[in-house]
Amino acid sequence: MPELPEVENIVVDLRKRILAKKISKVHIRLSKIIKNKKSFFINKVKDSKIVDIQRQGKFIILYLSKDYCLVIHLKISGQLLYLPSSHPLDKYTHLIFEFKNSNDQLRYRDVRQFGYMKLINRSELDDFLSSHIGPDYLSISSQDFAKVLKSRKRIIKSLLLDQKIFSGLGNIYATEALFQAKIHPKAISSVIKDVKIKKLYYAIQNVLRKAIHLGGSSINDYLRPDTSKGRYQQVLKVYQRKGKRCRRCGARISNVKINNRSSYFCPECQRL
DNA sequence: AATCGTTCCTGATAGC
DNA sequence: TGCTATCAGGAACGAT
């Protein structure tokens with residue numbers, strides 16, 4: 001499940017590999033991945049150059065020449081892989097970009113098929129982003145964060161995962177940050193003490209930065225464009241550790257469902 | 001404003 | 001062994 005750290009790693013890696021390259025060919029093998037008319041998509045993408053690559057929340061944005069942007073969301077199992085054209089194709093590879101004067105390809109692979117890409121005019125980008133996501137977790141201050149938590153009466157875990165409020169956190173890092181800040185995932189945002197809110201803010205920043213540094217978490221499908229794995233899964237404190245001992249106090253890690261998402265926590269360290 | 005159920009899809013897992 | 005049933009998971013959507 002690519003979250004902010006995984007997407008950041010992908011973006012940094014793609015900058016090294018495809019920035020300034022010209023797309024010479026596009027093969028669409030599964031049309032539903034593309035949220036445009038196929039002919040429009042191919043017409044605009046073909047022969048454009050990749051002039052910039054950015055991340056906002058979990059979105060990847062490829063800025064193309066001709067004033068278009070390609071917005072990509074990997075959802076649960078989407079992968080962007082940079083591979084030689086000789087690399088074997090499988091049935092999960094839904095789209096292939098080829099580049100001028102290159103034998104390498106950028107492939108979009110997605111087992112679950114939930115991810116998508118959409119080509120939009122550059123002038124539409126801000127509207128697109130603001131209608132889907134709030135400010136990125138790496139761009140907000142402790143004060144911004146506290147203000148929102150206090151103004152809402154929401155279960156903290158579901159607030160953290162709501163991309164329209166702040167963007168980039170997913171189940172893994174929200175779970176880990178709550179553990180680090182010793183906050184129960186079902187705590188109500190408006191009643192969390194100021195000191196704890198500050199602690200949570202720094203826990204989120206800390207978890208995200210460390211995960212970026214370790215190349216993200218390869219738990220299920222995540223791979224970097226060069227097919228290497230991340231290493232953050234090796235340092236997880238609570239995620240997917242139900243029934244195991246808390247690394248801080250030794251209690252058994254519990255699991256609750258919040259919005260149909262499993263949430264792991266230590267019943268001793270994270271009291272309601 | 002917040003929450004809940006449903007949907008998309010398929011590999012993994014459980015149960016028989 | 002091989003079958004079927006169930007479930008996870010990000011976010012949009014409609015309903016409450």
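Letters go in sequence order (proteins before strands), and every chain restarts at 1.
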Legend entry - Boundaries of the chain A footprint along DNA chain C (any atom under 4.0 Å from a heavy atom):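 Under 4.0 Å from chain A, the extent on DNA chain C is C/dA8 to C/dA12.
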Inset, instruction - Not counting sequence neighbours, which residues clear salt bridge (charged side-chain N to carboxylate O under 4.0 Å, His left out) with A/R154? List them please. - result: A/D162
Legend entry - Whether A/F114 stacks on the six-membered ring of B/dC8 base, 5.5 Å and 30° limits: yes
Roughly how many Å is it from [atom1] in [X] to [atom2] in [N], rounded to a whole number?
X      : N      : atom1 : atom2 : value
A/K186 : B/dA2  : NZ    : C1'   : 15 Å
A/N260 : B/dT3  : CG    : C1'   : 12 Å
A/R154 : B/dA1  : CZ    : P     : 11 Å
A/R109 : B/dG11 : CZ    : P     : 10 Å
A/I258 : B/dC4  : CD1   : C1'   : 14 Å
A/K75  : B/dC9  : NZ    : P     : 12 Å
A/I188 : B/dA2  : CD1   : P     : 11 Å
A/L161 : B/dA2  : CG    : P     : 15 Å

Inset, instruction - Report the C-alpha separation of A/L119 and A/F40 in whole Å, then their side-chain angles, then the decisive distance to 0.1 Å, and conclude whether the side chain to side chain contact (heavy atoms under 4.5 Å, CB included) test is met. - result: CA-CA 9 Å; A/L119 189 68; A/F40 169 83; 3.9 Å; yes
Inset, instruction - Compare the minimum distances between each of B/dT10, B/dC4, B/dG11 and the side chain of A/N259, then state the nucleotide with the smallest one. - result: B/dC4
Inset, instruction - Please determine if a side-chain N or O atom of A/K32 lies less than 4.0 Å away from the OP1 or OP2 oxygen of B/dC9. - result: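 Yes, such a contact exists.
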Inset, instruction - Tell me whether the OP1 or OP2 atom of B/dC8 has a side-chain N or O from A/R112 closer than 4.0 Å. - result: no
Legend entry - Within 6.0 Å of CG in A/N103, more than 12 heavy atoms from elsewhere: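 Open.
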Inset, instruction - Look at atom NZ of A/K21 and say whether more than 12 heavy atoms of other residues, nucleotides or ligands are closer to it than 6.0 Å. - result: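 Atom NZ in A/K21 is packed in, count exceeds 12.
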Any carboxylate oxygen within less than 4.0 angstrom of a Lys/Arg side-chain nitrogen, looking at [X] and [Y]?
X      : Y      : value
A/K150 : A/D194 : yes
A/D226 : A/R17  : yes
A/D110 : A/K75  : no

Inset, instruction - Between A/K257 and A/Q163, name the one whose nearest nucleotide on DNA chain C is closer to the 5' end. - result: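 It is A/K257, whose closest nucleotide lies nearer the 5' terminus.
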Looking for any heavy atom pair under 4.0 Å, which part of the strands does [X] touch: base, sugar-phosphate only, or nothing?
X      : value
A/S77  : nothing
A/Y239 : sugar-phosphate
A/R152 : sugar-phosphate

Inset, instruction - Would you please classify the geometry between the A/H132 ring and the A/F59 ring as parallel, tilted or perpendicular, with 30° and 60° separating the classes? - result: perpendicular
Inset, instruction - Report the distance from atom CG of A/N36 to atom CZ of A/F41, rounding to the nearest 0.5 Å. - result: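 Reported value, rounded in 0.5 Å steps: 6.5 Å.
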Inset, instruction - State, to 0.1 Å, how close A/I53 and A/Y63 come at their nearest heavy-atom pair, and which atoms those are. - result: N-CD1, 4.5 Å
Inset, instruction - Measure the angle between the two terminal helix axes of the helix from B/dA2-C/dT16 to B/dC16-C/dG2, five base pairs each, and quote it to 10°. - result: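 That helix gives 50° between its end axes.
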